Amino acid sequence: MAMFNKANINKFQQLDTPFYYYDMEVLRQTLDACRDASAKHGFHVHYAMKANFNPKVLDMIQTFGFGADCVSGNEVRAAIDRGFDKGKIVFAGVGKSDKEINLALDTDIFCFNVESVQELHIINELAGAKGKKAKVAIRINPNVDAHTHHFITTGLDENKFGINIWQLPDVATALRECNNLQFLGIHFHIGSQITDLEVYKNLCTRINEMQDWFEDHGFPVKVLNAGGGLGVDYYNPDNDIADFESYFQVFKNFLNVKPGQEVHFELGRALVAQSASLISRVLYVKNGLKKNFLILDAGMTELIRPMLYQAYHQIENLSQESGVKGQEKTQDSEFKTQNLKYDVVGPICESTDCFQKDVDLPESFRGDLIAIRTAGAYGEVMASGYNLRDRVGSVYSE
Ligand SMILES: *Cc1c(COP(=O)(O)O)cnc(C)c1O
């Protein structure tokens, strides 16, 4: 499915840039593929809202029957507002405030994913004050290496997330003491943009050990929640649907699922990443002695992933590659323009405001439309107003 054609590029020419362009058909087909692949095994999927909480995106995801994985009180509220079933909301986060816990208690969500022994006691206290029983899963830090970028690894001993294995005896004590908690099961989330499925095999081994530990200590485990993290192919944005089949098959093969147990997942990136591109215009071209710079009207205020964790995004010059030219006179379209290397940068007053160095692009001109691909996850949601920038727009294919 190619995201761009002459018709939509012509339309982009009329619009103010920068904006996120959402291809709703790509989104629909991705959600469809995930639903089919998970339903086959009876697995439950919660969409990790922090990846993208654009209302139109949420509306479509909700229609597929997925639950929501929230990491703040406002996400819990937004999930409800967009029509997600409250009985399918899970709430994780290493620093849930009392206000957020109370909101989730009032909402009667499916489950708190609890990240410390202290948090267990606080949820117990707040639930007791309301005369409620809070359903909890223990987020365990399994010390499994996700083989992803160290900035987005979450499941190692050195990470702040979850409860370390050596603390489980304290968890058992707390669960016995806390009468306003109902123990549902165990939760894991070891990182993001994981492309090596072997990692998930290791995770399954750890989940099996951990559920045995809880059962041996008198806590029946009903829910096994493996979190999210499935990666997408940033180098081939038109290869747009993640391999959900193989991903779920790993869990089918290696997870020891007992009768009556439910298996849950929390996918974010893999559901939304390929459905959007950030569309920008070239403002200026600076040819230097050592470097050519393409200065765009989008920067780290619109898409911060490259600057925040050295993420790769494919960059395309839509005007030159499609023959729908920008404002300046360019070479005859019959004539194949030669490629140049550019550092593609934004307008923000920070030296790190660079999308990528040495990008091979057709010779580019002021006014050319530039697409930064695979921007649907952790893109628009991380936009900021730094430099008092305008809020980035969104445009939808339908
Ligand atoms: C961010 C997050 C996810 C989703 O991660 P992806 O890499 O986007 O799939 C799932 N669970 C928790 C607890 C998270 O914080």
Side-chain angles (χ1 to χ4, degrees), residues 27 30-31 34 37-38 43-54 57-58 61 66-76 79 88-96 100 104 109-116 119 136-142 144 146-155 159-163 185-197 199-200 203 207 223-234 241-244 247-248 250-251 263-276 305 308-309 311 374-382:
L27 179 59
T30 307
L31 295 168
C34 180
S38 57
F43 292 162
H44 301 258
V45 175
H46 306 261
Y47 168 60
M49 275 178 65
K50 74 175 186 293
N52 191 316
F53 44 69
N54 179 302
V57 171
L58 291 182
I61 293 174
F66 295 122
D69 166 36
C70 303
V71 291
S72 74
N74 285 343
E75 284 192 0
V76 172
K88 293 183 182 175
I89 294 178
V90 291
F91 183 16
V94 71
K96 302 178 192 76
E100 290 174 314
I109 62 167
F110 172 62
C111 188
F112 289 86
N113 292 331
V114 179
E115 310 222 7
S116 67
E119 188 192 330
V136 297
I138 302 301
R139 177 170 181 177
I140 299 170
N141 182 340
V144 169
H147 299 304
T148 182
H149 193 279
H150 59 283
F151 288 179
I152 52 175
T153 286
T154 57
N159 297 122
K160 70 177 176 181
F161 300 100
I163 298 177
I186 50 180
H187 170 246
F188 302 79
H189 175 65
I190 56 172
S192 201
Q193 184 52 19
I194 297 168
T195 49
D196 175 4
L197 290 182
V199 164
Y200 286 115
L203 176 61
I207 296 176
V223 168
L224 302 175
N225 185 337
L230 178 62
V232 299
D233 189 352
Y234 282 90
I241 298 184
D243 190 359
F244 297 110
Y247 170 72
F248 289 120
V250 170
F251 291 91
V263 184
H264 291 244
F265 295 88
E266 304 165 341
L267 293 172
R269 184 191 310 273
L271 293 178
V272 292
Q274 299 291 20
S275 67
R305 297 188 67 256
L308 192 59
Y309 16 67
T374 320
Y378 308 106
E380 189 182 356
V381 283
M382 285 199 197

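All of these numbers come straight from a predicted model, not from anything done at the bench. Values below: every heavy atom of this structure, side chains too, minus hydrogens, waters and symmetry copies. We count ligands from 1, going down the list as the structure has it; atoms in each ligand are counted the same way.
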Task: N or O pair under 3.5 Å between Gly268 and ligand 1 - done: yes
- [ ] Work out whether the distance between some heavy atom of Phe161 and some atom of ligand 1 is less than 4.0 Å.
- [x] no
Task: Residues Glu119 and Lys96 bridged, charged N to O under 4.0 Å - done: yes
- [ ] Check each of Glu115, Glu266, His264 against His187 using the side chain to side chain donor-acceptor pair (under 3.5 Å) test, and report the only one that passes.
- [x] Glu266
- [ ] Drop me the distance from Phe251's CZ to Ile207's CD1, to the nearest 0.5 angstrom.
- [x] 6.0 Å
Can you report which non-hydrogen protein atom sits closest to [atom], along with the distance?
atom                    : answer
atom 4 (C) of ligand 1  : Ala48 CB, 3.4 Å
atom 9 (O) of ligand 1  : Gly229 N, 2.8 Å
atom 15 (O) of ligand 1 : Lys50 NZ, 2.7 Å

Task: Numbered atoms and elements of ligand 1 in range of Tyr378, under 4.0 angstrom, heavy atoms - done: 1 (C), 4 (C), 5 (O), 6 (P), 8 (O)
Open item on the list: Show me which atoms of ligand 1 lie under 4.0 Å from any heavy atom of Glu266.
Closed with: 3 (C), 4 (C), 9 (O), 10 (C), 11 (N), 12 (C), 13 (C)
Open item on the list: Considering Gln193, Arg139, Arg269, His189 one by one, which has a heavy atom nearer to atom 5 (O) of ligand 1 than any of the others?
Closed with: His189
- [ ] Compare Ala92, Gly162, Ser192, Ala51 and give the one whose heavy atom is closest to atom 6 (P) of ligand 1.
- [x] Ser192
Using the ring of each side chain (for Trp, its six-membered ring), is [X] parallel, tilted or perpendicular to [Y], with breaks at 30° and 60°?
X      : Y      : value
Phe110 : His46  : parallel
Phe43  : Phe248 : tilted
Phe91  : Phe112 : tilted

- [ ] Look only at the side chain of Arg139 and the backbone of His189, and say whether a donor-acceptor pair between them is shorter than 3.5 Å.
- [x] yes
- [ ] Could you tell me whether Ile194 approaches ligand 1 through its side chain, its backbone, both or neither, with non-hydrogen atoms closer than 4.0 Å?
- [x] neither
